[in-house]
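Lettering follows sequence order; numbering is per chain, from 1.
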2 protein chains.
Amino acid sequence: MSDGARLPAAAGRGRRPARARGDDREMLILATAERLLEERPLGAISVDDLARGAGISRPTFYFYFPSKDAVLLTLLDRVVAEADATMGAVFDGSVKAPREGWQRALAAYHETFRGHRALTVAWAEARSTNAEVRALWAEVFERWVQRCATAIEAERARGAAPPGPAARDLAIALTSMNERVISASLSGDGPAIAADDVVPVLLRVWLTAVYATPPD
Amino acid sequence: MSDGARLPAAAGRGRRPARARGDDREMLILATAERLLEERPLGAISVDDLARGAGISRPTFYFYFPSKDAVLLTLLDRVVAEADATMGAVFDGSVKAPREGWQRALAAYHETFRGHRALTVAWAEARSTNAEVRALWAEVFERWVQRCATAIEAERARGAAPPGPAARDLAIALTSMNERVISASLSGDGPAIAADDVVPVLLRVWLTAVYATPPD
DNA sequence: CGAACGAGTCAACAGGGTGTCGAGTTACGG
DNA sequence: CCGTAACTCGACACCCTGTTGACTCGTTCG
């Protein structure tokens, strides 16, 4: 889903097995985008900025990418792949001590996004204006929700966690919290939790939500 | 903060006590914005759309509002006032039964935004592109966080809730969850909790996070 | 009454962004 | 050395925002 449809121009290139000097340009554009995102939001970066940054003209930019958003999407694909790999590794090591397992998952999640601060913030921004970005987000979110819901159900099945709301709903609520808290903590505007406290606080909420029974 | 600075044009008008036929136009613009937001996102609505909808030309629009975003801000001020009033009422009735108190607060929160679906979705959208909208959000968010943090501390002080993370951090995390879950539930794209299940699920997480101790 | 003033109105302009088209220029494989 | 595909960009068509300056019209006051 990430190449053919998203980068029609790239499909035309590269037929010839010989070296295509265009690959360098493509990388340059991506690098420029990542660099500029460190200093200003996506909305304040024009196609012209990206083109100039890569040493080409604006029309030439369109030879490589169909739009500014496509560049972001390409960048995001990388982060998503990285995040999925990390999360997969964490979840595969079967959860023996629950606290340990959830803690590692949260820390991995946080670490991945903290390592791509600018991109994460741009992601949140573009999600509200671009349907493809929104779709990518929904896809990733859904994957995490399913993983979490499965884990919650497993804990309930083995009697470690009490019954409660539908595991999927609980997973959605908690994952939403993660996303928003981490995103706010990285973006820096508005009230947010200090970076070092993010994981402990989230962990606390997760553990109580999954394992503890509310008083009544 | 909501009139003079945000609507400089309005400051000039209305000095004369006589009838200003411009007030009708202003209302018409606001009504048009609210109507159009029901059918498409703010980004897909141009100043021209608003002007035509109100039966005036584009330059005339600028006589009433300095920008498209200013219209949204005016609309949001209303919702914020309404939400604050509702929340104030809920919190004022002193919390006797904790479960009841939190439940009513959550339900009020949810109800307010559900009653302004289009506006709430537009708010989330504009927050990522407009600094003033972001500031308004931060202000409202901060107010709720403080209220919640105070309530949590009160519960801890009277021994009803166990110690845990800083009350403020807990309040930020839980309020973030509310916001994101409700917003996703209203916007309709991506995985979300069904409208009727939103309050019960959120309530469950709040209660466990505030009152229960995690296992260890 | 009629000048003066301020509210209200808009055609026309300036400026900046996006995306496309067609006419190039290069560089390799035959 | 020629064809072909990769690559490049000037110029264009559009859309959107925000501003300017002139114009209408009702009200007020001398």
Whole-Å gap separating [atom2] ([N]) and [atom1] ([X]):
X     : N      : atom1 : atom2 : value
A:L42 : C:dG17 : CG    : C1'   : 14 Å
B:K68 : D:dG18 : NZ    : P     : 8 Å
B:D69 : D:dC16 : CG    : P     : 16 Å
A:L50 : C:dG17 : CG    : P     : 12 Å
A:F65 : C:dT20 : CZ    : C1'   : 19 Å
B:F61 : D:dT17 : CZ    : C1'   : 11 Å
B:I29 : C:dG8  : CD1   : P     : 11 Å
B:Y62 : C:dA12 : OH    : P     : 18 Å

Could you check which of [options] has an atom nearest any side-chain atom of [X]?
X     : options               : result
B:P59 : C:dA12, D:dG18, D:dC9 : C:dA12
A:Y64 : C:dT9, D:dC7, C:dT18  : D:dC7
B:V47 : D:dA6, D:dT17, D:dC9  : D:dT17
A:S57 : D:dG18, D:dC9, D:dT8  : D:dC9

message = Does the plane of the ring in A:Y109 sit parallel, tilted or perpendicular to the ring in A:F113? Use 30° and 60° as the thresholds.
response = perpendicular

query = Do the ring planes of A:W102 and A:W206 sit parallel (below 30°), tilted (30 to 60°) or perpendicular (above 60°)?
reply =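 Rings of A:W102 and A:W206: tilted, as their planes differ by 30° to 60°.
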
key: 4.5 Å side-chain heavy-atom contact, B:R40 and B:L36   = yes

ask   = Hey, is CZ on A:R35 packed in by over 12 heavy atoms from elsewhere, all under 6.0 Å?
value =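 Atom CZ in A:R35 is crowded, with more than 12 foreign heavy atoms closer than 6.0 Å.
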
message = Looking only at the side chains, is there a donor atom on one of B:E34 and B:H116 sitting less than 3.5 Å from an acceptor on the other?
response =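 No - no donor-acceptor pair under 3.5 Å links their side chains.
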
inquiry  = Looking at the base of D:dG18, is there any donor atom on it, or on the side chain of B:R58, that sits under 3.5 Å from an acceptor on the other one?
reply    =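 Present.
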
query = What nucleic acid atoms does B:T60 come within less than 4.0 Å of, heavy atoms only: base, sugar-phosphate, or nothing?
reply = base

ask   = Below 4.0 angstrom from OP1 or OP2 of C:dT9, is there any side-chain N or O of B:R25?
value =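 B:R25 to C:dT9 OP1/OP2: side-chain N or O found under 4.0 Å.
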
